K.L.:
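My questions will all concern the structure given below.
Atoms within a ligand are numbered from 1 in the order they appear, just like the ligands themselves. For clarity, every value in this text was computed on a predicted model and none was experimentally measured.
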Amino acid sequence: MRTTVGIIGAGPAGLLLARMLHRAGVDCVLLESRDRAYVEERQRAGTLEQSTIDALRAAGAHERLDSEGMFHDGIEIRFARRSHRIDFAALAPGRQVVIHPQTKVVQELIALNLADGVPVLFEARADRVEGAEGDHPVIRFTHEGRQRALHCDFVVGCDGFHGISRRTVPDALTRTFSRRYPYSWLGILADVAPSCTDLLYAHSPNGFALHSMRSSTVSRLYLQVPNGTDPGDWDDERIWDELSFRFAVDGDWKLDRGPITAKSVIPMQSFVTEPMRHGRMFLAGDAAHIVPPTGAKGLNLAVADVVVLARALTAWTEDGSTELIDAYSDTCLRRVWQAEHFSWFMTTTFHREPDQTPFEDRLQLTQLERLTAGGPAAAELADNYTGLPIG
Ligand code: APR
Ligand code: PHB
């Protein structure tokens with residue numbers, strides 16, 4: 001097989017890149033190791049920032065977003081039994097976030113790509129990338145029991161944190177930066193209407209809790225738990241009791257309960273690999289970086305990477321220019337590190353470390369007071385949360 005751009009991975013990054021390239025007249029082939037049903041049903045996050053909303057609309061992949069998405073003009077922050085709203089309309093005019101599950105984004109992008117005849121090969125596992133240092137890289141892959149080769153002008157690793165593309169880059173040419181957090185999230189899906197209008201982030205003496213949603217009848221909630229927690233140790237009543245404690249606020253608000261339909265423990269890590277390019281192979285999305293979910297940046301960073309890369313590969317295809325290609329890694333890393341900092345900031349401000357001291361307790365409360373006082377700290381939060389412009 002031969003194509004201009006060989007893409008590894010049919011997550012949001014790979015699927016959106018394939019659509020943008022196809023619409024720009026750039027040939028591409030997308031290889032995905034899993035089957036379609038698995039990819040479409042994988043539960044992930046679901047908060048899209050303004051630049052992602054704009055990118056999906058520009059790519060003609062926004063029908064379900066605009067018809068099913070739950071748009072928000074702010075978030076709620078709770079601490080010391082008090083509630084505060086971060087008003088995006090006032091602090092980041094014209095910018096929103098939308099709760100729209102990643103599964104729906106992936107489903108829509110798969111349907112659009114297949115309808116347009118974009119070659120998306122499921123159950124096609126990329127085994128290695130050869131010749132990335134030269135002008136004609138090759139993806140060796142296994143599909144339908146056969147060893148095959150995809151000859152490309154460029155390869156894009158959109159294969160996530162556990163994919164093969166990052167490992168193609170020689171260690172001597174890579175710098176990695178990472179931090180593991182001393183806590184995880186216990187995440188649940190529940191058949192109950194959300195007890196909040198906006199996303200609700202809570203700091204409490206027992207740790208962090210987050211109230212999100214998936215529809216008007218399905219809620220998505222998370223609570224901080226120790227690393228290594230077994231979800232089986234948490235029955236429904238214990239979960240709802242703990243969430244009620246952590247969201248507690250003076251006044252008559254209460255957390256409505258319902259049957260929990262899914263339960264999982266999610267570890268938290270920050271990670272960046274530099275550079276996001278090796279010869280004619282580019283890394284995008286989780287293949288290059290991951291963030292703790294507190295700032296809701298994972299999917300949004302993946303989208304921003306491929307928006308930048310699609311522009312660069314289209315320019316090369318049109319007139320052979322390499323300026324945008326050569327700038328890809330630095331352009332993306334500026335935004336990646338801003339999102340890494342914001343995600344680290346949100347995580348360390350709201351979560352209590354196992355050995356946290358009373359002094360550090362006070363520092364957290366002081367930081368939360370600054371965030372909710374409506375001044376520059378609140379504006380910076382709104383700016384980061386609704387998403388910085390794509391470079
Ligand atoms: N060959 C082919 N496909 C592969 C291979 C391989 N060797 N290895 C991994 N894949 C596929 C995975 O099956 C997955 O479908 O690559 C895809 C990577 O998708 P994501 O992990 O979703 O990564 P990305 O597209 O960057 O999206 C990041 O997804 O993981 C969440 O929180 C993350 O919201 C963020 C978003
Ligand atoms: C989610 O809805 O899954 C979600 C929302 C906001 C976050 C993390 C997860 O910060």
K.L.:
How far is atom 2 (C) of ligand 1 from its nearest protein heavy atom, and which residue and atom is that?
P.N.:
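Closest protein heavy atom to atom 2 (C) of ligand 1: Ser33 N, 3.2 Å.
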K.L.:
With under 30° as parallel and over 60° as perpendicular, where do the rings of His351 and Trp185 fit, or are they tilted in between?
P.N.:
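Aromatic pair His351/Trp185 classed parallel.
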K.L.:
Run the numbers on Trp337 and Phe177 for ring-ring contact (aromatic ring centres under 6.0 Å, His included), then give the verdict.
P.N.:
CA-CA 11 Å; Trp337 277 111; Phe177 308 82; 5.5 Å; yes
K.L.:
Could you tell me whether Arg44 approaches ligand 1 through its side chain, its backbone, both or neither, with non-hydrogen atoms closer than 4.0 Å?
P.N.:
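Side chain only; the backbone of Arg44 stays clear of ligand 1.
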K.L.:
Does ligand 2 have a heavy atom under 4.0 Å from the side chain of Ala296, from its backbone, from both, or from neither?
P.N.:
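The part of Ala296 near ligand 2 is both the backbone and the side chain.
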K.L.:
Decide whether an N or O pair under 3.5 Å exists between Glu32 and ligand 1.
P.N.:
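N/O-N/O distance under 3.5 Å: yes.
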K.L.:
Can the ring centroids of Phe88 and Tyr385 be said to lie less than 6.0 angstrom from one another?
P.N.:
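Yes, ring centres under 6.0 Å apart.
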K.L.:
Please confirm whether Asp286 comes within less than 3.5 Å of ligand 1 when only nitrogen or oxygen atoms on both sides are compared.
P.N.:
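Min N/O separation from ligand 1 is below 3.5 Å for Asp286.
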K.L.:
Rounded to the nearest 0.5 Å, how far does CD of Glu32 lie from CG of Leu15?
P.N.:
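Reported value, rounded in 0.5 Å steps: 8.0 Å.
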K.L.:
Check whether any N or O atom of Tyr222, backbone or side chain, sits under 3.5 Å from an N or O atom of ligand 2, and answer yes or no.
P.N.:
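Yes, there is a polar N/O contact under 3.5 Å.
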K.L.:
Within the 4.5 Å heavy-atom criterion, are Pro12 and Val106 side-chain neighbours or not?
P.N.:
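A side-chain contact under 4.5 Å exists here.
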K.L.:
Using 30° and 60° as the class boundaries, would you call the ring planes of Phe247 and His211 parallel, tilted or perpendicular?
P.N.:
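Judged by the thresholds at 30° and 60°, the geometry between Phe247 and His211 is tilted.
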K.L.:
Between NZ of Lys297 and CE of Met346, what distance do you get to the nearest 0.5 Å?
P.N.:
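Result: 9.5 Å between the selected atoms.
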K.L.:
Answer yes if the side chains of Glu76 and Ser83 hold a donor-acceptor pair under 3.5 Å, and no otherwise.
P.N.:
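Yes - a donor-acceptor pair under 3.5 Å links their side chains.
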K.L.:
Counting each atom of ligand 1 from 1 as listed, which ones have a heavy atom of Leu31 under 4.0 Å away?
P.N.:
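The atoms of ligand 1 under 4.0 Å from a heavy atom of Leu31 are 2 (C), 3 (N).
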K.L.:
Measure from NZ or CZ of Arg362 to the centre of the six-membered ring of Phe359 and say whether it is under 6.0 Å with the direction within 45° of the ring axis.
P.N.:
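Pair Arg362/Phe359 does not count as cation-pi.
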K.L.:
Tyr201 heavy atoms, cut-off 4.0 Å: which ligand 2 atoms fall inside?
P.N.:
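It comes down to these atoms of ligand 2: 6 (C), 7 (C), 10 (O).
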K.L.:
Under 3.5 Å between some N or O of ligand 1 and some N or O of Arg34?
P.N.:
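Among all N and O atoms of Arg34, none is under 3.5 Å from an N or O of ligand 1.
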K.L.:
Between Thr294 and ligand 2, which part of the residue brings a heavy atom under 4.0 Å of the ligand: side chain, backbone, both or neither?
P.N.:
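Answer for Thr294: backbone.
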K.L.:
For a quick check under 3.5 Å, do Arg335 and Ser51 share a side-chain donor-acceptor pair by atom type?
P.N.:
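Their side chains do contain a donor-acceptor pair, which is all the 3.5 Å distance test asks for.
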K.L.:
Of all the non-hydrogen atoms in the protein, which one sits nearest to atom 1 (N) of ligand 1, and at what distance?
P.N.:
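Here the closest protein heavy atom is Ala126 N, 2.9 Å.
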K.L.:
May I ask you to identify, for Cys158, whether its side chain, its backbone, both or neither come under 4.0 Å of ligand 1 on a heavy-atom basis?
P.N.:
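Cys158 to ligand 1: backbone contact only, side chain stays beyond 4.0 Å.
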K.L.:
For atom 9 (C) of ligand 1, which protein heavy atom lies nearest, and how many Å away is it?
P.N.:
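That would be Asp159 O, 3.2 Å.
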K.L.:
For atom 8 (C) of ligand 2, what's the nearest protein heavy atom and its distance?
P.N.:
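For atom 8 (C) of ligand 2, the nearest protein heavy atom is Pro293 O, 3.3 Å.
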K.L.:
Name the closest protein heavy atom to atom 5 (C) of ligand 2, giving the residue it belongs to and the distance to 0.1 Å.
P.N.:
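Its nearest protein heavy-atom neighbour is Thr47 OG1, 3.1 Å.
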K.L.:
With a 4.0 Å cut-off on heavy atoms, is Pro12 touching ligand 1?
P.N.:
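Pro12: in contact with ligand 1 (<4.0 Å).
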K.L.:
Numbering the atoms of ligand 2 from 1, which are under 4.0 Å from a heavy atom of Arg214?
P.N.:
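By the 4.0 Å cutoff, the relevant atoms are 1 (C), 2 (O), 3 (O).
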K.L.:
Please indicate whether any nitrogen or oxygen in Met213 is less than 3.5 Å from any nitrogen or oxygen in ligand 2.
P.N.:
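In this structure, Met213 places no N or O atom under 3.5 Å from an N or O of ligand 2.
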K.L.:
Mark up the atoms of ligand 1 that fall under 4.0 Å of a heavy atom belonging to Arg42, in ascending order.
P.N.:
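The atoms of ligand 1 under 4.0 Å from a heavy atom of Arg42 are 12 (C), 13 (O), 14 (C), 15 (O).
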K.L.:
Atoms of ligand 1 less than 4.0 Å from Gly285 heavy atoms?
P.N.:
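Those atoms are 26 (O).
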K.L.:
Could you pull out, from Gly9, Gly157, Ser165, the option with a heavy atom nearest to atom 16 (O) of ligand 1?
P.N.:
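Residue with the shortest heavy-atom distance to the ligand atom: Gly9.
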K.L.:
Does anything in residues 4-20 pair up under side-chain hydrogen bond (donor to acceptor under 3.5 Å, both in side chains), and if so which pairs, sequence neighbours excluded?
P.N.:
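Matches after skipping sequence neighbours: Arg19-Asp116.
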K.L.:
Identify the protein heavy atom lying closest to atom 29 (O) of ligand 1, giving its residue, its atom name and the separation to 0.1 Å.
P.N.:
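Ranking protein heavy atoms by distance from atom 29 (O) of ligand 1, first comes Gln102 NE2, 3.0 Å.
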K.L.:
Angle between ring planes, Trp344 versus His341, binned at 30° and 60°: parallel, tilted or perpendicular?
P.N.:
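Correct class here is tilted.
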K.L.:
Taking distance alone, with no angle check, do Ser212 and ligand 2 share an N/O pair under 3.5 Å?
P.N.:
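Yes, since at least one N or O of Ser212 sits under 3.5 Å from an N or O of ligand 2.
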K.L.:
Test the Arg311-Trp316 pair against the cation-pi criterion, namely NZ or CZ under 6.0 angstrom from the six-membered ring centroid and within 45° of the ring axis.
P.N.:
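No.
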K.L.:
Looking only at side chains, do Gln364 and Gln356 share a donor and an acceptor under 3.5 Å apart?
P.N.:
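Their side chains do contain a donor-acceptor pair, which is all the 3.5 Å distance test asks for.
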K.L.:
Would you say ligand 1 has an N or O under 3.5 Å from any N or O of Ala13?
P.N.:
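Yes - when backbone and side-chain N and O of Ala13 are compared with those of ligand 1, one distance drops under 3.5 Å.
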K.L.:
Which of the numbered atoms in ligand 1 are below 4.0 angstrom from a heavy atom of Ala124?
P.N.:
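Heavy-atom distances to Ala124 below 4.0 Å select 2 (C).
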K.L.:
If you measure every N or O of Leu299 against every N or O of ligand 1, does any of those distances drop under 3.5 Å?
P.N.:
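It does: an N or O of Leu299 is found under 3.5 Å from an N or O of ligand 1.
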K.L.:
Return the closest protein heavy atom for atom 19 (O) of ligand 1 as residue, atom name and distance.
P.N.:
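Result: Gly11 CA, 3.5 Å.
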K.L.:
How does Ile8 reach ligand 1, by side chain, by backbone, by both or by neither, if only non-hydrogen atoms under 4.0 Å count?
P.N.:
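The part of Ile8 near ligand 1 is the side chain, not the backbone.
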K.L.:
How long is the straight-line distance from CZ of Phe154 back to CE of Met281, given to the nearest 0.5 Å?
P.N.:
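CZ of Phe154 is found 13.0 Å from CE of Met281.
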K.L.:
Are Phe271 and Phe161, when compared by the centres of their aromatic rings, separated by less than 6.0 Å?
P.N.:
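Centroid separation for Phe271 and Phe161: below 6.0 Å.
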